[in-house]
Each structure stands twice: as C-alpha cells, then as structure tokens.
Protein chains: 2
Amino acid sequence: VIELAGVSKVYDTGRVAVRALDDVDLRLEAGGYMAIMGPSGSGKSTLMHILGCLDTPTSGSYFLRGHEVSQYARKKLAQVRNREVGFVFQRFNLLPRLTAAENVELPLLYAGASAERRREVVADLLAKVGLSDRGHHRPNELSGGEVQRVAIARALANDPAIILADEPTGNLDSKSEEDLMQLLDSLNEKGKTLVVVTHEDSVARHAKRVITLHDGRVV
Amino acid sequence: VIELAGVSKVYDTGRVAVRALDDVDLRLEAGGYMAIMGPSGSGKSTLMHILGCLDTPTSGSYFLRGHEVSQYARKKLAQVRNREVGFVFQRFNLLPRLTAAENVELPLLYAGASAERRREVVADLLAKVGLSDRGHHRPNELSGGEVQRVAIARALANDPAIILADEPTGNLDSKSEEDLMQLLDSLNEKGKTLVVVTHEDSVARHAKRVITLHDGRVV
Ligand SMILES: Nc1ncnc2c1ncn2[C@@H]1O[C@H](COP(=O)(O)OP(=O)(O)OP(=O)(O)O)[C@@H](O)[C@H]1O
Ligand SMILES: Nc1ncnc2c1ncn2[C@@H]1O[C@H](COP(=O)(O)OP(=O)(O)OP(=O)(O)O)[C@@H](O)[C@H]1O
Ligand SMILES: [Mg+2]
Ligand SMILES: [Mg+2]
C-alpha cells in the first residue's frame with residue numbers, strides 16, 4: 001500500500017544544503033506494522049512527512065495505494081490525507097486556540113460528518129486515551145503527555161486506513177505508553193497499516209518490522 | 001538551596017478546578033541531583049515551573065537560596081531566573097524566528113555579556129551538544145531532538161547554579177541521551193544543582209535522589 005522508490009530530500013537553507021533523505025526505497029503492505037528508528041537528525045520525521053503527503057521528495061517516487069501522489073495538486077493531496085492518513089506529529093500537534101475536544105473534532109468537520117456523529121466519535125476517542133475530563137482544556141492547559149494523547153485521538157478521528165505516529169510516546173510514562181501501544185496494536189489487528197517512529201525498544205518491539213535510518217539512508 | 005513548604009497549585013479553568021500540586025514539601029541541598037518521575041498529568045511540569053520561578057504557588061512557600069521568592073515582583077523574579085536558573089522546557093523551548101545560535105545567545109544578551117564573550121560561549125555550547133553545523137538553522141529547520149539539544153545549550157548559556165530540565169531526553173535516541181547525561185553529570189560534579197523530570201529509568205538512575213509524584217502529591 002506504501003511504496004517509496006529512490007526517494008531523496010534535500011533542504012536548501014541558503015548556506016549548506018542538507019541531504020535529509022538519500023535514495024530511500026521502502027515497501028509496506030496493507031496491514032503492515034513498521035517501526036522506524038535511528039539517531040537524532042537521521043531523517044525519520046522527514047520520511048514521515050513524505051509518507052503522510054505533507055511534503056514531497058526532491059527526487060524519487062511515492063506510490064500510496066497505487067497512486068503516484070507526488071504528482072497530486074495540493075488540494076487533492078489534502079483530501080487523500082484527510083481520508084486515508086492519521087498523523088501524530090513529533091511537535092505542534094494541536095491548534096492552540098481550540099480545546100482538546102475541538103481539536104479531535106476538526107478532521108471530522110473537514111470530512112463532513114454530522115454533528116451527532118462528531119459528538120459521539122470525540123467522546124469515544126477522548127475516553128480511549130483517558131482524557132474524558134480534559135475535553136474543554138486548551139493545549140496550554142494540558143500536560144505534555146496529555147497533548148500527545150489528544151493528538152493520537154485526533155489522528156484516529158476519521159478512522160484512517162494508515163496511521164503514522166512520530167514519537168507518539170516521547171512524553172509518556174511507562175503506564176501511559178503501555179496503554180497507547182495496546183491501542184495501536186488493536187488497530188493493527190483490525191487491519192490498519194501502522195508506521196511508528198520511536199527511539200524506544202519497548203515501542204519498536206510491538207511492530208512486525210523495524211527499519212533503521214542513518215544520515216538519511218536505510219541501513 | 002531549594003526549599004518548598006506546603007506548596008499547592010490549583011488551576012481554575014472555569015468549569016472544574018484542577019489541583020495540580022497538593023501540599024508538596026521538598027528540600028534540595030546545593031549540588032544536589034534529583035530526578036522527578038510520575039505518570040502523565042501528575043504535576044511534574046507544574047512543580048518545575050514553580051521551582052524555576054516561572055509560576056507561583058496557590059499556597060505554601062518557596063525559598064530559593066534563602067529568599068522567599070513567591071514574594072518577589074515579576075521583574076526581580078526574572079532577574080533571579082536569568083542569573084541563577086537554567087531551564088529546559090518540555091515544549092516550546094525556542095523562539096521560532098531566531099536561529100539556534102541566536103536562541104542560545106539570548107540569555108547572555110539579557111545578562112549584558114560582551115559580543116566577544118557571547119560568540120565564544122555560543123560556539124562552545126553548540127559544540128557541546130554536537131550542533132556546531134546547525135547554528136544558523138531556525139527551529140522549524142531542525143529535527144525534534146536537535147531543538148531539544150539547542151534548548152539545553154541555551155539553558156547553560158549563563159552558567160547557572162541551578163539547572164532544571166523537564167524531560168530533556170524525550171526526543172533523543174539512546175546515544176544522544178547518553179551524551180546529554182554525561183554532560184549533566186559533569187555539571188553536577190562541578191557543583192551545579194540539578195533537577196531532572198524524566199519517565200526513563202535510564203535517566204533517573206544518574207540522579208542521587210528520585211522522587212515520584214502522583215496526582216500532585218509526593219508519594
Ligand atoms: N526545513 C529544514 N531545513 C533545513 N534542514 C532541515 C529542515 N528540516 C530538517 N532539517 C535537517 O534534516 C535532518 C533530518 O531531520 P529530521 O527531522 O528528519 O530528523 P529526525 O530523524 O526526525 O530527528 P529526531 O530524532 O531528532 O526527531 C536534520 O539534521 C535537520 O537539521
Ligand atoms: N493551565 C492549566 N489549566 C488547567 N489545568 C492545567 C493547566 N496546566 C496543567 N493543567 C493540568 O494539571 C495537571 C498537571 O499538569 P503537569 O503539566 O504538571 O503534568 P506532568 O506531570 O508534567 O505531565 P506530563 O508527564 O504529561 O508532562 C494535568 O492534569 C493538566 O491537565
Ligand atoms: Mg523527528
Ligand atoms: Mg510535563
């Protein structure tokens with residue numbers, strides 16, 4: 001369902017070009033469960049942004065469910081994202097002016113879900129991440145780990161086929177981490193495709209496959 | 001050097017009041033090295049913000065080097081902070097419009113350091129966290145772990161007597177985590193007082209003391 005061929009990403013900040021990804025090939029079947037590890041700065045988030053159609057490669061191709069998505073116009077890309085992909089970012093996950101509940105509701109609004117359905121799904125997902133009593137808090141009124149958990153709930157709002165989570169447990173204690181991994185495992189058992197970036201073996205161990213990046217290359 | 005007595009913190013978001021800290025007593029001698037652990041939402045960051053003079057308790061007292069700081073005016077509090085405390089935040093560590101080097105330089109500017117000294121210290125600290133070649137990158141041009149490492153460099157800019165680090169390794173791979181812990185250990189050996197919030201045993205193990213929070217109480 002996911003296929004990267006010869007993907008490179010170069011950032012040109014003016015002084016020195018940074019080759020964040022270097023000729024990456026990757027295939028993941030539907031229902032796959034992959035962990036991506038590697039040192040700080042090795043290209044993991046860059047790879048996730050390309051997988052999540054949030055950025056395009058400098059060279060190479062990306063087939064998502066058979067479609068060559070790096071050809072798509074922004075609008076179409078955004079539609080694919082909204083329907084197919086749930087993304088948990090490493091940073092800046094939530095819109096600061098919206099409450100936790102409103103943040104989780106957003107993808108459902110874009111997808112045109114009814115008010116009743118939105119209410120249901122938001123309540124169900126906040127409960128799943130143990131934050132039923134924090135729905136009305138804004139991000140600056142939440143702890144770091146709570147923000148992360150709301151972000152996970154939001155990524156699941158449209159019941160996406162593919163879930164991309166970039167360090168989803170970075171701010172979580174071991175109990176909260178366990179709960180989250182059980183949730184992700186159960187989603188994979190239901191047939192969802194999962195890609196998780198992590199630096200914790202305790203998390204990578206849940207995946208069926210682990211790939212390691214080093215200086216933008218798969219090693 | 002640090003002494004909290006009966007400290008409580010209540011957030012009143014309108015609907016329900018959240019008692020983030022509940023009657024906390026804490027003493028840490030100069031040169032101490034303490035880790036704070038506990039579940040997500042247990043009050044760790046709230047405690048750190050009070051320790052770092054970034055927030056005041058709802059009740060109770062806080063003596064920092066013998067001075068009852070919760071009495072201080074904002075201006076005086078900011079001065080104490082700038083001179084005495086280096087703070088690594090759990091989120092939003094850097095000013096987004098400034099480069100990594102400019103972010104590290106900021107505390108030195110506030111402290112009135114000469115241009116030459118500022119240049120020296122920034123170069124030295126960026127090297128210490130392995131980011132000499134990223135000084136001109138803005139935060140959105142850095143990886144998550146690189147942002148965290150720049151934040152650590154910035155916290156050390158004024159060579160503070162007290163270092164408060166809130167989940168400093170959350171985004172770091174094990175090698176970068178090791179390097180950082182070695183840096184923090186060496187600072188403690190030089191006599192600096194360290195308080196580190198972490199959910200990783202591999203980090204807590206470096207401290208001389210570990211306290212655990214649960215629902216705002218020390219357990
Ligand atoms: N917009 C950008 N402009 C310039 N360089 C960038 C940009 N974004 C990322 N980089 C650089 O590209 C490299 C890879 O970044 P990336 O965020 O993919 O790393 P990562 O593996 O996710 O790291 P971490 O584990 O620290 O989150 C980093 O060295 C970073 O400095
Ligand atoms: N400004 C605020 N208004 C209302 N509630 C808040 C506010 N800030 C924090 N809280 C609540 O206070 C509790 C403690 O927050 P705190 O950030 O101290 O937790 P923490 O132990 O650092 O958690 P984590 O490990 O997830 O970072 C949380 O349940 C949070 O929802
Ligand atoms: Mg990253
Ligand atoms: Mg916290």
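Throughout, a chain's letter reflects where its sequence line sits, starting with A, and its residues are numbered from 1.
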- Query: Which of the residues A:Arg138, A:Gln90, A:Lys175 is involved in the greatest number of heavy-atom pairs with chain B at under 4.5 angstrom?
  - Reply: A:Gln90
- Item | B:Val18/A:His137 under side chain to side chain contact (heavy atoms under 4.5 Å, CB included): CA gap, chis, key distance, verdict | CA-CA 11 Å; B:Val18 174; A:His137 284 230; 3.8 Å; yes
- Message: Taking OH in B:Tyr110 as the centre, count heavy atoms belonging to other residues, nucleotides or ligands within less than 6.0 Å. Is the count above 12?
- Response: no
- Is it the case that more than 12 heavy atoms not belonging to B:Arg27 sit under 6.0 Å from its CZ atom? no
- Measure B:Arg149 against the heavy atoms of chain A and call it side chain, backbone, both or neither at under 4.5 Å. side chain
- Message: Would you compute the distance between atom CG of A:Leu172 and atom CD of B:Glu167 and round it to the nearest 0.5 angstrom?
- Response: 9.0 Å
- When rounded to the nearest 0.5 Å, the distance separating CG of B:Asp173 from CE of A:Met37 is 9.0 Å
- Message: Please classify the contact of A:Glu146 with chain B as side chain, backbone, both or neither, using a heavy-atom distance under 4.5 Å.
- Response: both
- Item | Candidate pair B:Asn171 and A:Arg91, rule side chain to side chain contact (heavy atoms under 4.5 Å, CB included), full reasoning | CA-CA 10 Å; B:Asn171 282 299; A:Arg91 321 177 243 172; 5.8 Å; no
- Atom CG in A:Leu142, atom OG in B:Ser40: separation rounded to 0.5 Å? 9.5 Å
- Tell me, for A:Thr169 versus chain B, whether the close heavy atoms (under 4.5 Å) come from the side chain, the backbone, both or neither. backbone
- Message: If you count heavy-atom pairs within less than 4.5 Å of chain B, which of A:Glu141, A:Glu200, A:His136 leads?
- Response: A:His136
- Side chain, backbone, both or neither of B:Ser42 within contact of chain A (heavy atoms, under 4.5 Å): neither
- Contact origin within A:Arg134 toward chain B - heavy atom pairs under 4.5 Å: side chain
- Message: Could you check whether atom CZ of A:Arg117 has more than 12 heavy atoms from other residues, nucleotides or ligands sitting under 6.0 Å from it?
- Response: no
- Given that the side chain runs from C-beta out, which part of B:Ser176 has a heavy atom under 4.5 Å from chain A: side chain, backbone, both or neither? side chain
- Query: So which part of B:Gln148 gets closer than 4.5 Å to some heavy atom of chain A, the side chain, the backbone, both or neither?
  - Reply: neither
